[in-house]
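In what follows, every chain begins at residue 1, and chains take the letters A, B, ... in the order their sequences are listed. Not measured: the values here are computed from a predicted model.
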Amino acid sequence: MTKQHANWSPYDNNGGTCVAIAGSDYCVIAADTRMSTGYSILTRDYSKIHKLADKAVLSSSGFQADVKALQKVLKSRHLVYQHQHNKQMSCPAMAQLLSNTLYFKRFFPYYAFNVLGGLDEQGKGCVFTYDAVGSYEKVGYSAQGSGSTLIMPFLDNQLKSPSPLLLPAQDAITPLSEPEAVDLVKTVFASATERDIYTGDKLEIMILKADGIRTEVMDLRKD
Amino acid sequence: MKLDTSGFETSMPTIGFGCSNDMLDGFSTVPSFDLPRTTDFDGFQKEAVQMVKPAKGTTTLAFIFKEGVMVAADSRASMGGYISSQSVKKIIEINPYMLGTMAGGAADCQFWHRNLGIKCRLHELANKRRISVSGASKLLANMLYSYRGMGLSVGTMIAGWDETGPGLYYVDNEGGRLKGDRFSVGSGSPYAYGVLDSGYKFDMSVEEASELARRSIYHATFRDGASGGVASVYHVGPNGWTKLSGDDVGELHYHYYPVPPAIAEQVMEEAAAE
């Protein structure tokens, strides 16, 4: 008897792209707002960026139901942490928590491609990039999602900083100012929208600084 | 008078699949993972692996010599044909006197090495002495053996210095554990072995050994598309490990094979100098 294969997959890909750039005293996290399934658009107005803590913001593309479940787990763990330690989680701590949370579903993964952005304990911007099962790395900038292969080469060209593995060590923070970084993000999404069918509609940008979070919205092509 | 201690009781997690409180405890036993409810576990894992496409393609190497252990690795992570990162830390610092290398699934290696670091520390606290390299590698191998067949991808070397001197073990996701004094793991390992084996002598100085390690990684990155980035070299001695070098392999190429200026360029330089 031939093996029966499942006609139903627990996963779907809702598309979209997320980008984050770390600066000397700021962090820019951006994502488009299109949610798709197959060739259809489910909505043009879905936010993929979520604030987990004062200094840590998560942006995820992939299967949004898994992303929602992941955010719920992280929010509840953060609440417990606040009760136990009487303070908010720092961005590096949240980064490790996210890695462990993803790995605990190693054999039934969250289909979520995450970028975590925020400010570290010294107030410098930090960006952590993940794969679907939790391997993570602190970087100066990152793009994840359907448009990532279009965006990353351009960010490498503009922002490529010396590798943190080089000896003598060199800093991974981009020398751009905050308005320049926001402009770069807008440029990069406009280009990705031209060539990626799953990216478009609107661009939501969150800028994290020591004094608070600012949000900007920009229109992208809707076709 | 009996005091009311009900406030001290924590709610007991129900035992069974799916309900796990094991992010907060359970590091001393095998952590339990949610499993998909399917009859075809292997088929599901094959599809999940396709979806995850764990970062593979590496060159790592380690060898024992007179002055200790030399450990080196590249820093490229690839997902299929896409280079997802050129700056992955493939040499993991388990504790100040032990290193682990990463080859195979990045998340698997990162998680299990962190887990091993925790276990090593617990051993120190429980036994008032450092764990041996043999012991640490055995802990890891046993842990991986219990997940045999579930699709983990880990090819690691545990290198350290303990009471018996320098130690080097190779551990993989099948649960295999080999003691040896020369190993290379990853898609670039054949190239690295070629350079390493032909240049190896037990009586090398630290400088000679680190140069051999660096050259081996460089040659592997030159010929293997899945290896590249930065060649890192670490030395483990009686006082622990130190990072000796981290060089971009693109620049190393011109360091080993400098380009002599072409005749036309020389003429132009002379003309400009006049």
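- Atom CG of A/Leu166 sits about 7.5 Å away from atom CD of B/Glu251, to the nearest 0.5 Å.
- Atom NZ of A/Lys105 sits about 10.0 Å away from atom CG of B/Leu35, to the nearest 0.5 Å.
- For chain B, the nearby parts of A/Tyr136 are the backbone and the side chain; heavy atoms of each come within less than 4.5 Å.
- Environment of NZ in A/Lys48: crowded, with over 12 heavy atoms of neighbouring residues, nucleotides or ligands closer than 6.0 Å.
- Heavy atoms of A/Ser99 lying under 4.5 Å from chain B belong exclusively to its side chain.
- For A/Tyr198, the ring-ring contact (aromatic ring centres under 6.0 Å, His included) criterion is met by no residue, not counting sequence neighbours.
- Other residues, nucleotides and ligands place no more than 12 heavy atoms under 6.0 Å from the CG atom of A/Asn86.
- The nearest pair of heavy atoms linking A/Phe107 to B/Pro36 is O-CD, 3.3 Å.
- With A/Leu165 as the fixed residue, the side chain to side chain contact (heavy atoms under 4.5 Å, CB included) test singles out one of B/Ile91, B/Val88, B/Asp247, B/Val230: B/Val230.
- Scanning all heavy atoms of the two residues, the minimum distance from A/Ser163 to B/Ser87 falls at OG-CB, 3.6 Å.
- The number of heavy-atom neighbours closer than 6.0 Å to NZ of A/Lys75, taken from other residues, nucleotides and ligands shown, is above 12.
- When the shell of 6.0 Å around OH of A/Tyr81 is examined, it contains more than 12 heavy atoms from other residues, nucleotides or ligands.
- Within the 4.5 angstrom heavy-atom criterion, only backbone atoms of B/Ser245 (N, CA, C, O) approach chain A.
- For B/Leu152, the parts lying under 4.5 angstrom from a heavy atom of chain A are both the backbone and the side chain.
- For B/Tyr256, the ring-ring contact (aromatic ring centres under 6.0 Å, His included) partners two or more places apart in sequence, or in a different chain, are B/Tyr218.
- In this structure, B/Ser85 OG and A/Met152 CE are separated by 7.5 Å, a value rounded to the nearest 0.5 Å.
- Heavy-atom pairs under 4.5 Å with chain A were tallied for B/Gln86, B/Met150, B/Arg114, B/Lys243; the largest tally goes to B/Arg114.
- Taking OH of A/Tyr103 as the reference point, atom CZ of B/Phe33 lies at 5.5 Å (rounded to 0.5 Å).
- Annotation: the span from B/Tyr234 atom OH to A/Leu167 atom CG amounts to 8.5 Å, rounded to 0.5 Å.
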